[in-house]
There are 4 protein chains.
Amino acid sequence: MSPRNAERDLRVREERVQLILDAAITVISSKGFGAASISDIAKAAGISIGTMYHYFSSKDEIFADVLKRGQLDYGKRAAELADEQTMPPLVKLHEFAAGWLANPINWAYTIMLQSARTTETVPAEIRQAVTDRFTANLQPIARIMKDGQGRGDIIAGDPLQLAFYYVSLIQGLTLQRAPGFEIPVSIDADALIRFFEA
Amino acid sequence: MSPRNAERDLRVREERVQLILDAAITVISSKGFGAASISDIAKAAGISIGTMYHYFSSKDEIFADVLKRGQLDYGKRAAELADEQTMPPLVKLHEFAAGWLANPINWAYTIMLQSARTTETVPAEIRQAVTDRFTANLQPIARIMKDGQGRGDIIAGDPLQLAFYYVSLIQGLTLQRAPGFEIPVSIDADALIRFFEA
Amino acid sequence: MSPRNAERDLRVREERVQLILDAAITVISSKGFGAASISDIAKAAGISIGTMYHYFSSKDEIFADVLKRGQLDYGKRAAELADEQTMPPLVKLHEFAAGWLANPINWAYTIMLQSARTTETVPAEIRQAVTDRFTANLQPIARIMKDGQGRGDIIAGDPLQLAFYYVSLIQGLTLQRAPGFEIPVSIDADALIRFFEA
Amino acid sequence: MSPRNAERDLRVREERVQLILDAAITVISSKGFGAASISDIAKAAGISIGTMYHYFSSKDEIFADVLKRGQLDYGKRAAELADEQTMPPLVKLHEFAAGWLANPINWAYTIMLQSARTTETVPAEIRQAVTDRFTANLQPIARIMKDGQGRGDIIAGDPLQLAFYYVSLIQGLTLQRAPGFEIPVSIDADALIRFFEA
DNA sequence: GATGAATGAGTATTCATTCAT
DNA sequence: TATGAATGAATACTCATTCAT
C-alpha cells in the first residue's frame, strides 16, 4: 500500500525533532524563555510553522521536550562518569562541572527547569516529572561523592546532600554568565571542586 | 499647595509605589516571570490599570524597579552585616544565607536577575546597571570573607571569588525550592556555610 | 474613589452587548454560521476585536448568547400572544408565524439552534440549556392550541404535539428562503395555519 | 490497458468515491458541518489525505457532491414512490416520511442544503443547482398529492404547495432530533401525514 | 495510484498601553 | 488623581492544499 519507506520516514522524523529542539534551546537562550515564540523557533530551524505542529502538538510540548532532553543528556553524562572505572572521583567532578560550564547555552536549561517547577500554570504531572528527573540525576553524582569519601578525597557528609549542593552551585554559577556583561570573577571548575576536596 | 500637602503627597506616592512593587513580585513568584501581566499586578495591588500607569510608565519599568529594589535591599542587608562589629564572620554568612532562603519569593529575584542580564531585548544600559549592582553587592560579602580569613575561620582564597561562589550557591539553592515539589534533601544555611569553614 | 458613573457605565455596557449580538446574527445570516469570524462581527459592529473580548470571553460565548437572546425573544413573543385575551387562537397562530417568517434573518437562528444541539463539540450543559429553552417555548404555543380546540377552531390532538409540529413547520419553511434563489411556491402564514384549522 | 482493466478501474474509482462521500456525511453529522475537516473525512474513510485529492479536487467539491448525491437519492426515492401503482397515496407519503426520519444522519443534509443555498460565499451556480434539484424533487411528491386529491384522500390545495409544506415539515422535524437531548414529543410519520389527510 | 510531510494564510485570543470621563 | 473601556499588534494554533517519493 504505502510507497513510502517506513524506516527512512522514521529516521527523518527523528532528525526533524532534534532539529527543532536544537533551534528551540538556541532561541530560548538568546531571547529568553518567555519571549521565545513559535515563529522564532521555526525560523531558526528553517522550517514552517505548520511543520513545527506536525512534530509537536503545542508550544508547551516543545518546551517540555527541550527540557526533558536536556535533563536526560545531563543524566546520561553523570551516569557515564559515575560508572567509569579509572578516573579519580575529584577528576570526575571536575570534568562534569567543566563540561556543563563550557556550554554557554546551559543557563537556559536552568531557567527552564526552574520555570517548569515553580510556575503554577504548568500541569502538576509535568512539574512532578521534571522534579523526578532532577532527583534521579543526583544519584550518580552522589555515587561519585561516596567513592571519593571512601578514598579520602572528598569531604564528609551525606553524599546525596553533597551532590545536591554541588549541582546547585554549578547552576548558580551558570546563571551568572551573561555574554558581554561578565562579572570580574573567574568561573572555573578548578575553583568549584575545591569546596568538595577533603 | 502647602508644603505639608506636597510632603504628604510624596509620602502617599512612595507608599503606592511600594505597594505596586510588592504586588508585582508576588504575582511574578506565583505565575512566573513571563506570565505576570499588568492587570494581574493591578488586581493584586488593589488598584486599577490606569492608576498603575500614573506611577510607572511601562511594564518594563515596573520589572526593572522590582529588580532594582530587590538588589538594593539585598545590598543594604549585606552592608549592615559587614559593618556589624560583634558578630563572628561565619555567623554573619549564616544569617545572610538563612535570611535569603527563608523567603519563598526570592527565587523570583534570581530569575529576574538572570533574565534581565541575558535577554537580548533588554536595553544594554539596564543590563549593565543590573550587573553593576550585582558586582557591588559582592563587596560587603567579600569583606566578611576577608575578616573571617584574618581570624582563621574561613577557608583561603580570593575573598571576592569566595563571595561570588557563596552567592551563586545561595541562588542555585533558591531555585530548587518549588512549593509542593520538594527534593528530598534539606536546604539549610548550616550545611551551606560548612563549605566556607576553615 | 471612582470618578465614573456606575449606572451610566452599566447602560453603556448593555447597549454594547446588544450591538455586538445584533452584528453577530447579521453576519451569521449572511456568511453562514461556520464562516462567521470574530473580526467580521467586530467590523459589522464598528468596534475593535479587543473590545469584543471586553464584553464576551470567547466566540462560543457570543454564539451561545445570540442564540439565547433569540430563544428568549421568541419565547416572550409566544407568551404574550398566549396571554392575550381578545385575539382568536387561529389569528394568534397566524400572527406568530407571520412575524417569524417576515424576518429574513430568522433562518440563521434555526441553523444555530440545530448546530448547538447536534454538534458534539458543544458542551453538554449548553446543549441541554438550548433544548430546555426550546421545550419551554413550546408551552405557550400548546396553550393556544388548547384554547383553539376548546372553541372548536383547531384540529384534535395532543396540544403539545401540535405545537411541536407547528414550530417545526415554521422552521422548515424558514430554511427554504434563500435570497435570490427562491422556490416557486409561496411561503405564507395563511397557508401554514390551514393545516391546523378544524 | 485492456478494456476489462479500464472497466474494473472505473468500478474501483466509483466505489472509492462512494466510500468518501459516506465518510463525509458521517463526519458532518457527528462533528457538525463547519468542523468537518478533510483529515477527519480521510480518517473515517480509511484512506490518506493525498488519496482524497485524487478523487476530489477540493473540500468544497466533496461537500457539493455529498449534497448532490443526497438530493439525487432522495429524488429517486420520491420518483419510485410516485410511479408505484398499487400503494395508496397516503401510504406513499407515510413511507417516504418514515424512511427519511428513520435515518439519524438526514438532519445533516438539511443543514447542508440550507448552508449551500444561503451562504454568500458559495458560487451562484452551485446555489442555483441545489435549488433546482430541490424544486425538481418536489414534482413527484406533488404528483402523489394530486393522485390523493383525485381519490379524495388528501386535502385540497395546490399540489406543489402541499408538497412543499410536506417536505418543509419533514425537514423541520429532522432538525429537532439531537441524540441525547430529545424533546418530549414523539416524532413519527403517522402524526405527520395526518395533516394532509382529507 | 497512494502516501503523509510541508506549507502558510487565516483565526481566535491576549495584553500593554492610551485616554475620555 | 482614578478608572476601566477601547485599541490593535502580536501570538499560538488550524487546516486546505501541494508534491516529492
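Residue numbering restarts at 1 for every chain, and letters A, B, ... go by the order of the sequence lines.
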S.K.: Could you report the tightest heavy-atom contact between T119(C) and K31(D), atom names first, then the distance?
M.R.: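 Of all heavy-atom pairs spanning T119(C) and K31(D), the closest is CG2-O, 3.1 Å.
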S.K.: Does dG4(E) have OP1 or OP2 sitting under 4.0 Å from an N or O in the side chain of R13(A)?
M.R.: no
S.K.: With the side chain counted from C-beta on, respond yes when Y55(B) and L21(B) share a heavy-atom pair under 4.5 Å apart, and no when they do not.
M.R.: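 Of all side-chain heavy-atom pairs linking L21(B) with Y55(B), none is under 4.5 Å.
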S.K.: Take the protein atom CD1 of I62(C) and the nucleotide atom C1' of dT11(E), then report the distance between them rounded to whole Å.
M.R.: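 Atom CD1 in I62(C) sits about 13 Å away from atom C1' in dT11(E).
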S.K.: Write down the partner of dA5(E) under the Watson-Crick or G-U wobble criteria, each distance required to be under 3.5 Å.
M.R.: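 dA5(E) is paired with dT18(F).
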S.K.: Between C1' on dT11(E) and CZ on F63(C), what's the gap in Å once rounded to a whole number?
M.R.: 12 Å
S.K.: Does a side-chain heavy-atom distance below 4.5 Å link I25(D) with M112(D)?
M.R.: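 With C-beta onward as the side chain, the pair touches.
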S.K.: Looking at residues 29-56 of chain B, who's got a heavy atom less than 4.0 Å off DNA chain F?
M.R.: S48(B), G50(B), T51(B), H54(B), Y55(B)
S.K.: What integer distance in Å separates L10(A):CG from dG4(E):C1'?
M.R.: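 Interatomic distance, CG of L10(A) to C1' of dG4(E): 14 Å.
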S.K.: Please give, in whole Å, the distance from dA2(E) C1' to I20(D) CD1?
M.R.: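 Atom CD1 in I20(D) sits about 12 Å away from atom C1' in dA2(E).
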S.K.: Please give the nucleotide sitting opposite dA9(F) as a Watson-Crick or G-U wobble pair, both distances under 3.5 Å, or none.
M.R.: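 Here dA9(F) is engaged in a pair, and the nucleotide opposite it is dT14(E).
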S.K.: Less than 4.5 Å apart, side chain to side chain, heavy atoms only: is that true for V130(D) and R127(D)?
M.R.: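 Not touching, per the 4.5 Å side-chain cut-off.
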S.K.: I'd like to know if the side chain of S48(A) and the backbone of T51(A) have a donor-acceptor N/O pair within less than 3.5 Å.
M.R.: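 It does hold such a pair.
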S.K.: Whole angstrom is fine here: how far is it from CG in D60(A) over to P in dA12(F)?
M.R.: 10 Å
S.K.: Could you check, using the six-membered ring where one of them is a Trp, whether F33(D) and F63(D) have ring centers closer than 6.0 angstrom?
M.R.: yes
S.K.: Ignoring backbone atoms, establish whether R16(D) has a side-chain N or O less than 4.0 Å from OP1 or OP2 of dG1(E).
M.R.: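 Indeed not, no polar side-chain atom of R16(D) lies that close.
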